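Fair warning: this is a prediction, and the values are worked out from it, not measured in the lab.
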Amino acid sequence: MIYRAKRAALLLLAVCVLLQAGCAGKAEAETNSSRVNGFSQGSNVVNAKEDGVRIQTAVPTFVGFSAAQELNEKIREISDNGLAEVKRAEKELGNSAAKGNLFFQSCYDLFWDNDILSVWVMNENYTGGAHGYRWVKSFNVNIQTGESYDTPGALFKDPEAGTKQITDKILKDIKERPDLYFSEAAKTVEEKHGAYSYYLDGQDLVVYFDLYELMPYAGGMPEFRFSLDDLDLKFRMGNNPDRLNVRHNGMDMEFQNPVVVNDGGVLLPLEETADTLNHTVEKTDAGYKVDGKSVKPTMIDGVAYMPVETFNTLGENGPIPGFVFYDGKTLWIFTQTAQSEEEKKLMSSSMDSVGSEIYLNSAPGGTSSEVSWKKRMCYIKSYDEKTETVALDPIEWITSEDKTRIQELKLDGDFPDGYYIYNPTVETEKIKLSENAKISLIQWNAQNVAESDVQTDAAGLGKRLAEDGALSFPYEYTVSDGKIIALREQYVP
């Protein structure tokens, strides 16, 4: 396919915009430091036993956007209050048989899509009685504006219609499966009036309810997933890679060997799990050693496996605190990231940095363990298929809703097509594609009209970029750990 008509005309538009932005002058270019294009996240981990209570907590610490401190405080409060509750129970139980089994676990997951950071904190405790208790608390914040989106309706172009879409699906499930729910479940949903708890997870918006809200304890915490592609949202969302089944401090990663569940319990691949937890594994003639101590793994298809409990013991006694747990689908791994005074000063001085990674956490031995994300717009200048490296020129995509940025750049704000491309200087940055990068391209029909987005791979990207005029279109790209994990061709009106 050859880029013609409107697509070819975009090249002229891009040149005109570039010249217009370039004439803005040095003073305007300097104001770019006020816009956030990335953030970093560390993790404070505890794996210990205190006052007879087993504690496993992983608390994220964010930096790089205006709402970070408030978000950090809210998450820390959840952990502090949960731990305090269990410790109060420990004192009140006296010599109860349950006393030695008290525990508190609090950890998190996160996802970032088009400036919306979604974080959810998963908690579980046992304070005595027949069983423990689980609860989730989620936060959804715009890292550009600092705005919080407390309900799903806040994300919709039409909040009332979007909320109704969610409510109708939930009520339909209750009606079709009445045996799973309390008799008053539908009433409970309706009385919320759309004030649902939710988070964003990969391709889905997930609405969830607490234990006992809609069904008995055995039913767990009901979740309802809504594909982002089916929702009419204010923001273009759902173009990130699918989530993987291993998470390290909230970041997706992939093991070559699967988790195994058998009569021996939950078994994890020794070398991969230990490496993620920052432990040293040595294979000897006699077997395996972890941190210099001999271990006896279970061999499955030639791969060494160890129980979850073994890794939690390592995470408690090793130089770097960490713990793992498996929920039947996802393996969660959390490790402490360093928080030296020097690094804290670096975090403070980097709050306003733009387009650069903010390195705030480093593990002993010089291995970085921070989670750092960037998501920006660019023009692609070239693509090396052999090395799968993209040479790009970062740009700034400004819409009529970006009032603060429009004022900073002294623009008139009258964008006929609803956007403005700010690119005062042409720069070249080379970044490799990750192995599982999600690449989304516009599907054009025979009449040269954009119909939909199609997913492709590195080879498909190379083929597209070789077409006439293809390099004139902007792309949205997401970077993690120095590689592009998502690349989306931006439709231009």
Side-chain angles (χ1 to χ4, degrees), residues 36 39 62 65-68 70-71 73-75 77-78 108-123 135-177 181-182 184-215 220-240 243 375 399-404 418-419 453 476:
V36 178
F39 68 88
F62 296 97
F65 55 96
S66 61
E70 181 181 1
L71 178 60
E73 291 173 354
K74 288 180 179 178
I75 295 175
E77 184 178 13
I78 294 172
Y108 64 92
D109 200 356
L110 59 87
F111 200 77
W112 181 31
D113 194 347
N114 199 14
D115 295 338
I116 310 301
L117 171 64
S118 189
V119 185
W120 55 104
V121 184
M122 301 166 285
N123 309 277
W135 70 101
V136 173
K137 177 65 176 176
S138 55
F139 306 91
N140 302 278
V141 61
N142 190 310
I143 66 168
Q144 296 293 348
T145 66
E147 181 181 3
S148 292
Y149 305 102
D150 295 330
T151 67
L155 298 179
F156 285 90
K157 292 179 181 178
D158 184 337
E160 184 176 348
T163 300
K164 184 177 185 302
Q165 181 180 354
I166 288 176
T167 301
D168 287 349
K169 180 177 178 179
I170 297 173
L171 293 177
K172 180 181 178 183
D173 191 78
I174 293 174
K175 182 177 180 180
E176 291 178 348
R177 302 192 296 170
Y181 296 93
F182 291 135
E184 64 273 18
K187 181 180 179 181
T188 299
V189 171
E190 291 170 344
E191 289 180 346
K192 283 184 173 291
H193 301 292
Y196 302 120
S197 299
Y198 77 102
Y199 55 86
L200 303 173
D201 187 23
Q203 308 299 310
D204 299 326
L205 184 154
V206 184
V207 172
Y208 64 91
F209 292 82
D210 291 334
L211 288 173
Y212 298 114
E213 264 200 292
L214 300 184
M215 56 180 59
M221 298 179 60
E223 290 187 346
F224 301 87
R225 289 185 171 264
F226 301 82
S227 172
L228 294 173
D229 290 337
D230 298 333
L231 305 177
D232 190 18
L233 304 176
K234 297 177 183 177
F235 317 93
R236 186 184 181 103
M237 306 179 78
N239 290 284
N240 285 286
R243 304 223 66 176
K375 187 172 184 177
T399 70
S400 56
E401 297 179 356
D402 298 326
K403 304 299 184 183
T404 302
Y419 70 94
D453 288 345
E476 179 186 79

For the backbone of Ile75 and the side chain of Lys137, can you confirm whether one donor and one acceptor N or O come within less than 3.5 Å of each other? no
Are Leu110 and Phe62 packed together at the side-chain level, in the sense that at least one heavy-atom pair is separated by less than 4.5 angstrom? yes
Taking the side chain as everything from C-beta on, heavy atoms only, tell me whether Tyr198 gets closer than 4.5 Å to Leu205. yes
With side chains defined as the heavy atoms from C-beta onward, is the minimum distance between Tyr149 and Ile116 less than 4.5 Å? yes
I'd like to know if the side chain of Asn142 reaches the main chain of Ser148, judged simply by a donor and an acceptor atom lying under 3.5 Å from each other, with no hydrogens or angles considered. no
For Val207 and Pro152, work out which heavy atoms get closest and say how close. CG2-CG, 4.3 Å
Those residues that, when tested against Asp109, pass side-chain contact (heavy atoms from CB on, under 4.5 Å) (two or more places apart): Trp120, Met122, Arg243, Arg247, Trp332
Donor-acceptor pair, side chain of Thr151 and main chain of Ala195, under 3.5 angstrom: no
Quick one, Trp135 with Leu211, criterion side chain to side chain contact (heavy atoms under 4.5 Å, CB included). Give me CA distance, side-chain angles, the key distance, then yes/no. CA-CA 7 Å; Trp135 70 101; Leu211 288 173; over 6 Å; no
Heavy-atom pair with the smallest gap, counting every atom of Ser118 and Asn140: OG-OD1, 2.6 Å
Distance check, rounded to the nearest 0.5 Å: Phe224 atom CZ versus Lys172 atom NZ? 12.5 Å
Report yes or no: do Ser138 and Tyr208 form a side-chain donor-acceptor pair below 3.5 Å? yes
Pairwise distance CD(Glu73) to CD(Glu70) - rounded to 0.5 angstrom: 7.5 Å
Using a strict 4.0 Å threshold on nitrogen-to-oxygen distance, state whether Asp173 and Arg177 make a salt bridge. yes
Carefully, step by step, assess Leu171 and Glu190 under the rule side chain to side chain contact (heavy atoms under 4.5 Å, CB included). CA-CA 9 Å; Leu171 293 177; Glu190 291 170 344; 3.9 Å; yes
Cation-pi geometry met for Lys169 and Phe226 (6.0 Å, 45°): yes
Can you tell me how far the OG atom of Ser66 sits from the CD1 atom of Ile143, to the nearest 0.5 Å? 9.5 Å
Hey, are Lys164 and Glu160 close enough for a salt bridge, meaning a charged N less than 4.0 Å from a carboxylate O? no
With the threshold set at 4.0 Å, does a side-chain nitrogen-carboxylate oxygen contact exist between Lys192 and Glu213? yes
To the nearest 0.5 Å, what is the distance between CZ (Arg225) and CG (Asp230)? 14.0 Å
Nearest heavy-atom neighbours spanning Gly153 and Thr163: CA-OG1, 3.6 Å
Would you confirm whether Thr145, through its side chain, and Glu147, through its main-chain N or O, come within 3.5 Å as a donor-acceptor pair? yes
When you measure from the side chain of Thr399 to the backbone N and O of Tyr419, does any donor-acceptor pair fall under 3.5 Å? no
Within a strict 4.5 Å, meaning less than it, do heavy atoms of the Phe65 and Leu71 side chains meet? yes
For Met215 and Pro222, the nearest pair of non-hydrogen atoms, with its separation, is CE-CB, 4.0 Å
Going by distance alone, is a donor N or O of one side chain under 3.5 Å from an acceptor N or O of the other, for Tyr196 and Thr167? yes
Distance in Å, Leu233 CG paired with Lys157 NZ, rounded so as to fall on 0.5 Å steps: 8.5 Å
Find out whether Met221 and Val136 are in side-chain contact, i.e. whether some heavy atom of one side chain is under 4.5 Å from a heavy atom of the other. yes
May I ask you to decide if Asp204's main-chain N or O and Asp201's side chain share a donor-acceptor pair within less than 3.5 Å? no
Just by distance, no angles: are the side chains of Tyr199 and Glu223 close enough, under 3.5 Å, to form a donor-acceptor pair? yes
Considering only heavy atoms from C-beta outward, does the side chain of Asp113 approach that of Phe235 to under 4.5 Å? no
As a quick check of understanding, evaluate side chain to side chain contact (heavy atoms under 4.5 Å, CB included) for Asn123 and Ile78, giving each step before the final call. CA-CA 9 Å; Asn123 309 277; Ile78 294 172; 3.5 Å; yes
Applying side chain to side chain contact (heavy atoms under 4.5 Å, CB included) to Val189 and Phe209, what does each step give before you reach the verdict? CA-CA 9 Å; Val189 171; Phe209 292 82; 4.2 Å; yes
Gln203 side chain to Asp229 main-chain N or O, any donor-acceptor pair under 3.5 Å? no
Close side-chain approach of Asp158 and Asp232, heavy atoms under 4.5 Å: no
